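Take a look at the structure set out below.
Remember, predicted model here, so these are calculated numbers, not experimental data.
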Amino acid sequence: MSLTIDPLPDPSDRRVVPIRPLPVGDDGHRAAPPEPVRAHECTVIIVSYRTGAVLLESVGAALKQEGVEGVILVDNGNSAETRAAIDAMAADDPRLVVLRGHDNIGFSKGCNLGVRYARTAYVLLLNPDCILRPGVVNRVFAVFDQSPSAAMATVRIENLDGSEQRGGRRNLMTPWTCLVELFRLDKLMPDHPHFQRLNLNETEPLEDVTQVECISGAFMMMPRDAYTAIGGMDEEYFLHVEDVDLCMRLAKAGQPILYIPDAAVTHVKGTSRVSPFTVEWHKSVSATRYFRKHFRPQYPDLILRIISMAIFARLAYRAIPITLAWIAERLRGGSGEKRSVPK
């Protein structure tokens, strides 16, 4: 089903079900009622812009998941070929809802728009080039049942070769952690808690469900009421860093984020036809906004200006090589519109 969105509804759905009958204690009295768990129903939210063929695999894998009641695809702009294929899928499966007609509104607004249409107890924000493995959603349901206070969860995000992807679990982004990551200051004092890297994918793999500070927007599963209570994504971010901002706000609110190492998804990168310089530009703008939003008044304005200048100086330094590499890739025939996940 395809919808042209105007106006936008804002439904609320906060259904809960009891976890199990109350046990009887040794004194013959029933124990205090446990916290209720939400119904095992999930809506997958996918925001897509010029993604290409892998989008079809992402949507198809999501629709095959147990526990997924529907997929909402926010189409910020795709090729006519991709739109036709998606519309054919929607015609065959009414659980797929396509929202389009709003141009490219960015990732944050796209996520919030999709969540407004969700009717389930959980929402899963999923990148359009992310392929769910069988049983992933049910595994996350089980973790939420065991940890009802958790606000968000993710799983192991893997590259095509099965290695853990950079950014899937990380420390919160601060001026200091960025310096440690950029200059690898962790090598000076590897065991010191103040010299930990931003990204943790090269650390010892986790074996148990673990609370982490920050995760990737490639896979973020939340109770819908937790998402709306925190205010959703900050729509001032157009692309990138909005996931870090959400994690920072959850941390400030004292709401745990869980990493589940025994479930995984494949995240295919480099599928979009968008220029990497455009992506890096938005990333730089978003990073500057993030630091100004979260680190005033801890850091003087002068320091924040220096950080902003450093961010854009790095962008200027990288602009020519990344653009030339992208042009060379296009000339060789590489195209995100044609790329898909190997079988």
Side-chain angles (χ1 to χ4, degrees), residues 10 12-14 38 42-47 74 105-116 118 121-127 140 143-144 147-155 157 167-178 180-181 196-200 209-260 282-299 301 303-304 307-308 311:
D10 187 15
S12 66
D13 179 46
R14 304 190 177 188
R38 299 165 180 85
C42 177
T43 300
V44 178
I45 311 296
I46 299 176
V47 180
V74 182
I105 58 176
F107 185 74
S108 296
K109 287 185 179 180
C111 288
N112 291 346
L113 174 60
V115 172
R116 287 192 186 110
Y122 291 89
V123 291
L124 168 57
L125 308 182
L126 187 72
N127 270 16
V140 182
V143 170
F144 274 119
S147 305
S149 63
M152 187 159 62
T154 193
V155 297
I157 300 175
R169 56 185 174 103
R170 46 191 162 172
N171 289 313
L172 279 169
M173 191 167 78
T174 69
W176 174 248
T177 56
C178 287
V180 171
E181 182 74 20
Q196 298 301 305
R197 295 186 62 184
L198 179 66
N199 294 297
L200 302 174
V209 176
T210 305
Q211 184 173 338
V212 295
E213 292 184 355
C214 187
I215 61 176
S216 167
F219 184 109
M220 286 179 158
M221 189 161 159
M222 300 181 69
R224 186 180 181 277
D225 53 2
Y227 185 88
T228 55
I230 202 69
M233 291 284 190
D234 182 345
E235 297 186 357
E236 293 298 318
Y237 297 96
F238 185 81
L239 181 65
H240 283 293
V241 189
E242 64 285 299
D243 52 354
V244 181
D245 176 87
L246 181 61
C247 292
M248 174 64 84
R249 286 186 282 132
L250 289 173
K252 289 180 177 180
Q255 300 186 47
I257 301 171
L258 301 180
Y259 175 83
I260 306 169
H282 286 298
K283 187 183 296 185
S284 299
V285 171
S286 295
T288 298
R289 170 177 171 74
Y290 171 85
F291 286 124
R292 288 189 172 275
K293 175 181 177 180
H294 290 290
F295 294 96
R296 281 176 169 167
Q298 301 99 307
Y299 287 77
D301 280 346
I303 298 298
L304 294 176
I307 291 172
S308 297
I311 290 171

Main-chain N/O of A121 paired with D225 side-chain donor or acceptor, under 3.5 Å: no
So side chain to side chain donor-acceptor pair (under 3.5 Å) across residues 231-241, not counting sequence neighbours, yields N112-E235, D234-R289, D234-K293, Y237-D245
Side-chain donor or acceptor of E242 paired with backbone N/O of S108 under 3.5 Å: no
Run M222 and V115 through side chain to side chain contact (heavy atoms under 4.5 Å, CB included) and show every step you take. CA-CA 11 Å; M222 300 181 69; V115 172; over 6 Å; no
Residue set satisfying side chain to side chain contact (heavy atoms under 4.5 Å, CB included) with S147, at least two apart, ordered chain then number -> A150, L258
Kindly give the heavy-atom pair with the smallest separation between A151 and L250, and that separation in Å. CB-CD2, 3.9 Å
Run the side-chain donor-acceptor check on residues 211-221: report pairs under 3.5 Å with partners two or more places apart or on a different chain.
| unit_1 | atom_1 | unit_2 | atom_2 | d |
| --- | --- | --- | --- | --- |
| E213 | OE1 | L172 | N | 2.8 |
| S216 | OG | A218 | N | 3.0 |

Does anything in residues 167-176 form a salt bridge (Lys or Arg N to Asp or Glu O under 4.0 Å)? List the pairs, not counting sequence neighbours. E164-R169, R170-D243
Is the shortest heavy-atom distance from the side chain of F144 to the side chain of Y122 under 4.5 Å? yes
Donor-acceptor pair, distance only, cut-off 3.5 Å: does the side chain of R224 make one with the backbone of A118? yes
For residues F238 and I105, report the shortest heavy-atom separation together with the two atoms involved. CE1-C, 3.8 Å
Minimum side-chain heavy-atom gap H294-R249 below 4.5 Å: yes
Applying side chain to side chain contact (heavy atoms under 4.5 Å, CB included), can you list everything that pairs with T174, at least two apart in sequence or on another chain? W176, T177, F295
For Y259, check ring pair (Phe, Tyr, Trp, His ring centres under 6.0 Å) against everything at least two apart and list the hits. none
Using side-chain heavy atoms (C-beta onward) and a distance below 4.5 Å, is V180 in contact with Q196? no
Any Y290 side-chain heavy atom under 4.5 Å of V244 side chain: yes
Could you give the distance from OG1 (T210) to CG (L200), rounded to the nearest 0.5 Å? 11.0 Å
Say whether, by atom type as modelled, one donor and one acceptor occur between the side chain of S286 and the main chain of K283 under 3.5 angstrom. no
The reported gap from SG in C111 to OH in Y227 (rounded to nearest 0.5 angstrom) is 5.0 Å
L113 side chain reached by V47 side chain, heavy atoms, under 4.5 Å: no
Search all heavy atoms of G168 against all heavy atoms of I157 and return the closest pair with its distance. CA-CD1, 4.2 Å
Find out whether P175 and I303 are in side-chain contact, i.e. whether some heavy atom of one side chain is under 4.5 Å from a heavy atom of the other. no
